[in-house]
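One is the number of the first residue; the rest follow in order along the sequence.
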Amino acid sequence: MLAQQKLLRVFTLIGLLRRRPGYKIPQLARLLEIDSRSVYRYLQLLGEIGYLIDKDDRGRYFLFEPGPEDAAEFQPEESGLLHTLVQGLDAGHPLRDQLLRKLYTRSGLIPLAEDQLRMAKGAHRAALELALQTASKVRLVGYESVSSQTVSDRTVDPVALSEDGEYLHALEPGFAEPKAFKLDRIQRVEVLAEAAGDTGGHADAAFTDAFGMFGTRRIAVELALTLRAWRLLIEERPVLRGCTQACEDARFPYRFAGAVAGFEGIGRFVLGLPGEIQVLGPAALRTYVREKAAGGAY
């Protein structure tokens, strides 16, 4: 994996850990699309660079947040020097963790991480918007493919950006239908001098659902959710809040009704919360979930 993908994933993890009540390791692994062991490694890395990570009695991880008494801030050079000195203390020193906590809350590390993540995505979007305006091919440098587990450069004809700006829909040589490329997995976007091919009517048909699946058709789905499942759904995918509504079912007090491009993404969500979600429709989604559960795919 390229260094920039790792860095962006670290920043994404920081954003997730800021949300209360926090996430368990399997949830973080699913959201970051990595295994649980990798999540522990990233948490250890954050601890080593000064982030203070707490865990509640239900096994949910979250970042320590400063209180109102922690208003003063150090300058960057002051933070760097103090951090180096405090880290040099013996691990068993009674004041070491306390000093690190105070230093962390006043050094602005979290906003820096979020700014860097936004800047990287913003640069990708700006380049892709230019390519769309000029009908130019683009090279996605260092694209990390989850399906093939490879990192490679991909030269494509851009079709459109998804509504949420998280995906590029593009045609790749040898494929008749557009693919979805997640901006988080791109190291760099290069706009080429070569003109893009004819994308036809693909721009109107391209669709990436809130679960990250891409397609050219919309499949209506309906779920019954427990309070916990509903809360996780809207926290992880705020855009779907408008697709949910409360009902009078004591066990499943919320309903979700929306459209997906395929079953893999929403299937992962359902299977990740056993006993918390009922698939009300379509029947094909119920069959998909049962088969995956029976086969031990999740």
Handout entry: Minimum side-chain heavy-atom gap V260-L285 below 4.5 Å
Key = no
Exercise for the section: Check whether any side-chain heavy atom of Y288 lies under 4.5 Å from a side-chain heavy atom of I266, and answer yes or no. Expected result: no
Handout entry: Heavy-atom side-chain proximity of L273 to L225 below 4.5 angstrom
Key = no
Handout entry: Sidechain-backbone polar pair: R286 side chain, L280 backbone, donor-acceptor under 3.5 Å
Key = yes
Practice task
Would you mind checking if E166 and R185 are paired as a salt bridge, meaning a charged N to carboxylate O distance below 4.0 Å?
Solution key: no
Problem - Any donor-acceptor N/O pair, R255 side chain to F252 backbone, under 3.5 Å - result: yes
Problem - Donor-acceptor pair, side chain of R218 and main chain of A259, under 3.5 angstrom - result: no
Problem - Test item: L32 and L16 side chains (from C-beta on) under 4.5 Å apart, heavy atoms - result: yes
Practice task
Just jot down the salt bridge (Lys or Arg N to Asp or Glu O under 4.0 Å) partners of D153, sequence neighbours excluded, or say none.
Solution key: none
Handout entry: Any donor-acceptor pair under 3.5 Å from D209 side chain to A261 backbone
Key = yes
Completion exercise
Sorted by chain and number, sequence neighbours left out, ring-ring contact (aromatic ring centres under 6.0 Å, His included) with Y254 holds for W230
Problem - Those residues that, when tested against R290, pass side chain to side chain donor-acceptor pair (under 3.5 Å) (two or more places apart) - result: none
Exercise for the section: Look at the aromatic rings of Y143 and F181 and report parallel, tilted or perpendicular, splitting at 30° and 60°. Expected result: perpendicular
